[in-house]
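Let me begin by presenting the structure, written as structure tokens, before commenting on it.
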Protein chains: 2
Amino acid sequence: MRDELVRAALTVLRREGAAALTVRNITAEAGCSTTGIYTYFGGKSGLVEAIFVEGFEGFDEAVGPSLAAGDLAAAGRAYRRWALDHPTQYMVMFGRAVPDFEPSPAAFERAAASFAQLTAGVARALPRAGDAGDHAYHLFATVHGYVMLEMSGMGTHDDAEAEARYERALRSLAVG
Amino acid sequence: MRDELVRAALTVLRREGAAALTVRNITAEAGCSTTGIYTYFGGKSGLVEAIFVEGFEGFDEAVGPSLAAGDLAAAGRAYRRWALDHPTQYMVMFGRAVPDFEPSPAAFERAAASFAQLTAGVARALPRAGDAGDHAYHLFATVHGYVMLEMSGMGTHDDAEAEARYERALRSLAVG
DNA sequence: AACGATGACGTAACTTTGTTACGTGGCCCC
DNA sequence: GGGGCCACGTAACAAAGTTACGTCATCGTT
């Protein structure tokens with residue numbers, strides 16, 4: 001039933017957004033009672049944390065191949081693609097879209113693992129650069145900023161223009 | 001009473017965070033009944049929009065002088081300073097910290113005005129660069145990404161290290 | 001100066017949401 | 001076969017957003 005609840009929560013989140021991610025909506029989608037969330041996750045926050053962790057696992061799957069190949073530009077494109085394909089989940093992970101949710105130390109460790117994968121990819125792609133951690137963080141922050149602004153509705157509302165601007169940013173990063 | 005409600009909402013937001021930004025908490029802080037929010041703002045979302053707009057006005061005041069002087073690095077520092085001094089309001093503006101809130105077109109226009117100020121500052125600081133709008137957006141996105149990651153608790157929890165990393169990012173941006 | 005209307009504001013109720021106390025039924029171990 | 005334990009549901013409670021309605025002051029009109 002635990003997995004079923006996570007699946008139902010992701011379904012509701014994708015279909016109706018973070019504001020509709022209520023205990024009753026989730027359990028109705030899962031076809032069970034509200035108490036399951038408390039026995040398996042200790043409350044709504046615990047279930048949201050499972051969504052948080054699942055998001056980073058999805059990230060790793062989406063971005064990992066490009067990183068393993070040492071192609072940072074492709075990784076950047078895969079990152080934006082995943083975020084735009086899962087906007088509500090992305091906002092749960094980075095935008096505090098669920099008010100009472102604060103990731104636990106274990107959840108932060110899972111996020112750090114994704115970042116370690118990125119650092120390893122940077123070290124592979126730029127073997128003679130300085131501190132790979134610094135470069136990785138800069139790439140992460142820049143890409144995250146572009147994606148976050150685009151998803152917040154700031155900047156243009158033209159998707160093609162946003163993509164073109166993002167491509168220029170990736171090229172600019174490759175130079176630096 | 002309208003201004004009093006905005007002041008009370010900002011006080012509650014700063015003191016207890018976005019999750020405690022409830023109609024009852026705000027009106028208790030303002031010393032009035034809950035209905036005032038509906039007569040003056042049409043509901044909680046309208047009041048949150050006032051907070052959103054007030055945030056961009058605060059930004060303009062904080063960053064404007066450096067931009068007018070053509071000092072982009074100082075503007076970047078002022079941006080981070082304002083964000084770290086108003087973390088919960090920043091999350092209301094750029095995250096989804098209030099679930100049902102979506103900025104209206106008028107609110108987006110106010111945000112666009114702040115971006116126009118940034119673009120003018122870039123054009124002043126880099127008169128012989130290409131498209132000032134592109135450069136401004138790149139600066140905005142990068143700085144936003146750094147600040148957002150720092151406020152999300154990703155990356156280091158050491159404030160001095162975060163600041164040093166941010167300074168390196170500003171220097172890297174100045175070169176590019 | 002008296003009267004009626006308008007608008008600001010509060011009281012109290014309704015709906016929804018997160019949470020929990022408690023009951024029920026099936027399964028395992030002796 | 002019986003007792004305990006675990007999974008799960010029912011139903012209630014507290015808090016939050018919202019709204020119907022009543023009250024009082026203020027202002028223009030006669």
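Chain letters run A, B, ... following the sequence lines, proteins first, then strands; residues in each count from 1.
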Q | Cation-pi, B:Tyr166 ring and B:Arg80 (6.0 angstrom, 45 degrees) | A | yes
Q. Are OP1 or OP2 of C:dA8 and a side-chain N or O of B:Tyr40 less than 4.0 angstrom apart?
A. no
Q. Below 4.0 angstrom from OP1 or OP2 of D:dA20, is there any side-chain N or O of B:Tyr38?
A. no
Q) How would you label the contact of A:Leu47 with the nucleic acid (heavy atoms, under 4.0 Å): base, sugar-phosphate, or nothing? A) nothing
Q. What nucleic acid atoms does A:Thr22 come within less than 4.0 Å of, heavy atoms only: base, sugar-phosphate, or nothing?
A. sugar-phosphate
Q: Assign the ring pair B:Trp82 / B:His86 to parallel, tilted or perpendicular, where the plane angle (0 to 90°) is split at 30° and 60°.
A: parallel
**Q.** A:Cys32 or A:Arg24, whichever maps to the more 5' nucleotide of DNA chain D
**A.** A:Cys32
**Q.** 5′-ward residue of the pair A:Thr34/A:Asn25 relative to DNA chain C
**A.** A:Asn25
Q.
Can you work out whether B:Gly36 or A:Ile37 has the more 5'-proximal nearest nucleotide on DNA chain C?
A. B:Gly36
**Q.** Check: A:Thr156 side chain, A:Asp158 main-chain N or O, donor-acceptor pair, under 3.5 Å
**A.** yes
Q. Which nucleotide sits closest to the side chain of A:Val23: C:dG18, D:dT19, D:dT18?
A. C:dG18
Q) Does a side-chain N-to-carboxylate-O contact under 4.0 Å join A:Arg165 and A:Glu150? A) no
Q. Salt-bridged, B:Arg168 to A:Asp134, with N to O below 4.0 Å?
A. yes
For [X] and [N], give me the distance from atom [atom1] to atom [atom2], rounded to whole Å.
X	N	atom1	atom2	result
A:Ile26	C:dT19	CD1	C1'	14 Å
B:Phe41	D:dG17	CZ	C1'	16 Å
B:Asp100	D:dA16	CG	C1'	11 Å
A:Lys44	D:dA14	NZ	P	21 Å
A:Glu4	D:dC8	CD	P	11 Å
B:Met1	C:dG7	CE	C1'	13 Å
B:Glu16	D:dA16	CD	P	10 Å

